[in-house]
Structure formats: C-alpha cells, structure tokens
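Remarks on the structure that follows.
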Amino acid sequence: QVQLVESGGGLVQPGGSLRLSCTASGIIFSNGHVVWYRQAPGKQRESVATVTSGGTTSYADSVKGRFTISRDNRKNTVYLQMNSLNAEDTAVYSCNAYSMLYNYWGQGTQVTVSS
C-alpha cells in the first residue's frame with residue numbers, strides 16, 4: 001500500500017521557519033517528481049515547489065528565496081524548508097509524487113503563521 005505522509009506543520013510567528021517533510025512508503029521517490037502544493041481558505045490550490053527525479057528544483061514566485069525543496073532518496077523523503085514566513089503562507093500544505101507509473105497525494109499538514 002502506497003502512503004505519502006506529511007509532517008512538520010504547525011503554528012509559527014511571522015518571520016519564523018518550519019521544515020515540512022513528505023515521506024513515502026510503497027514507492028521509490030527517486031523515480032518520480034515531487035511537488036509541494038498549498039491551499040489557503042477560499043483560495044485555489046497552488047504549486048509551491050517542485051523537485052524532479054533528476055534533482056532540478058523550481059519555485060512559485062511568491063516563495064522564491066524563502067523556501068527550499070530538497071530530497072533525501074535514502075530516506076524516501078522530500079523536505080520543504082520554509083523561512084521568513086508571513087501570514088500569506090498560511091495554508092494546508094500537501095505533497096504530490098508522480099511519475100509515468102504513479103500519482104499519489106499526501107493528506108496535508110496545516111501551516112499557520114500568526115502572532
């Protein structure tokens with residue numbers, strides 16, 4: 001059974017940092033791409049950061065310079081390091097792993113930026 005499990009969300013003050021993790025079981029992460037998405041209340045889901053199977057990364061303009069996506073293939077885990085957080089980053093963050101052979105989503109983790 002394939003599972004993607006996100007962790008690391010929580011409440012953080014503006015200017016703070018969080019590191020989200022997306023750990024997969026049942027698939028080999030390194031064979032596919034992984035995307036972090038977020039959805040804020042009343043807004044459409046948006047892609048935040050992507051890491052390809054080859055390790056190439058890309059970011060939404062709104063998070064460039066503040067967020068870093070990375071992968072540890074030995075741990076079958078992808079991370080999203082989020083720095084300089086602000087209220088507009090408040091959302092449910094989900095990871096999506098896909099390849100030619102699979103497409104899976106995690107359940108999401110809540111990130112709330114508030115003083």
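These figures come from a predicted structure and were not determined experimentally.
- If you take OG on S17 and CD on Q81, they are separated by 5.5 Å, rounding to the nearest 0.5 Å.
- Both V51 and L4 are members of a single hydrophobic cluster when ILVMFWY side chains are connected at heavy-atom separations under 4.5 Å.
- In this structure, the separation between OG1 on T112 and CG on D89 is 11.0 Å, given to the nearest 0.5 Å.
- Residues V111 and V92 do not share a hydrophobic cluster, clusters being chains of Ile/Leu/Val/Met/Phe/Trp/Tyr side chains in contact below 4.5 Å.
- Note on V113: it clusters hydrophobically with W36, by side-chain heavy-atom contacts below 4.5 Å among ILVMFWY residues.
- Distance check: S84 OG to R66 CZ gives 6.5 Å after rounding to the nearest 0.5 Å.
- One distance of note links OG of S30 with CG of N76; it measures 7.0 Å at 0.5 Å rounding.
- For the pair T50/I69, no side-chain contact is recorded, criterion being any heavy-atom separation below 4.5 Å from C-beta on.
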Evaluate the side-chain contact (heavy atoms from CB on, under 4.5 Å) criterion for residues T90 and Q110: first the C-alpha distance (whole Å), next the side-chain angles of each, then the deciding distance (0.1 Å), finally the verdict.
-> CA-CA 8 Å; T90 295; Q110 176 70 46; 4.0 Å; yes
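- Atom CG of L80 is separated from atom CG of L18 by 9.5 Å, given to the nearest 0.5 angstrom.
- For the pair L20/E6, no side-chain contact is recorded, criterion being any heavy-atom separation below 4.5 Å from C-beta on.
- The number of heavy atoms from other shown groups lying within 6.0 Å of CD1 (I28) does not exceed 12.
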Trace of the side-chain contact (heavy atoms from CB on, under 4.5 Å) decision for E46 with R38 | CA-CA 6 Å; E46 63 171 340; R38 68 184 181 186; 2.6 Å; yes
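- Of all non-hydrogen atoms in P14 and S115, the two that sit nearest each other are CD-N, 3.7 Å.
- Residues in residues 53-89 take part in no ring pair (Phe, Tyr, Trp, His ring centres under 6.0 Å) pair, two or more places apart or across chains.
- Considering all non-hydrogen atoms of both residues, K43 and Q39 come closest at O-NE2, 3.1 Å.
- Between atom OG of residue S53 and atom CZ of residue R71 there is a gap of 6.5 Å, rounded to the nearest 0.5 Å.
- Under a hydrophobic clustering in which Ile, Leu, Val, Met, Phe, Trp and Tyr are joined whenever their side-chain heavy atoms come within less than 4.5 Å, directly or via other members, V78 and V2 fall into the same cluster.
- In the hydrophobic clustering of ILVMFWY residues, with side-chain heavy atoms under 4.5 Å counting as a link, V35 and I27 come out apart.
- Here the shortest heavy-atom pairing between C95 and V34 reads CB-CG1, 4.5 Å.
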Show the numbers, then the answer: is there a side-chain hydrogen bond (donor to acceptor under 3.5 Å, both in side chains) between T77 and T23?
-> CA-CA 4 Å; T77 297; T23 301; 3.0 Å; yes
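- S99 and N31 share no donor-acceptor pair across their side chains, judged by distance under 3.5 Å alone.
- Applying the ring pair (Phe, Tyr, Trp, His ring centres under 6.0 Å) test to residues at least two apart or on different chains, the pairs with a partner in residues 84-115 are H33-Y98, Y37-W105, Y102-Y104.
- A pairwise comparison of heavy atoms in S47 and A60 identifies O-CB, 3.5 Å as the closest pair.
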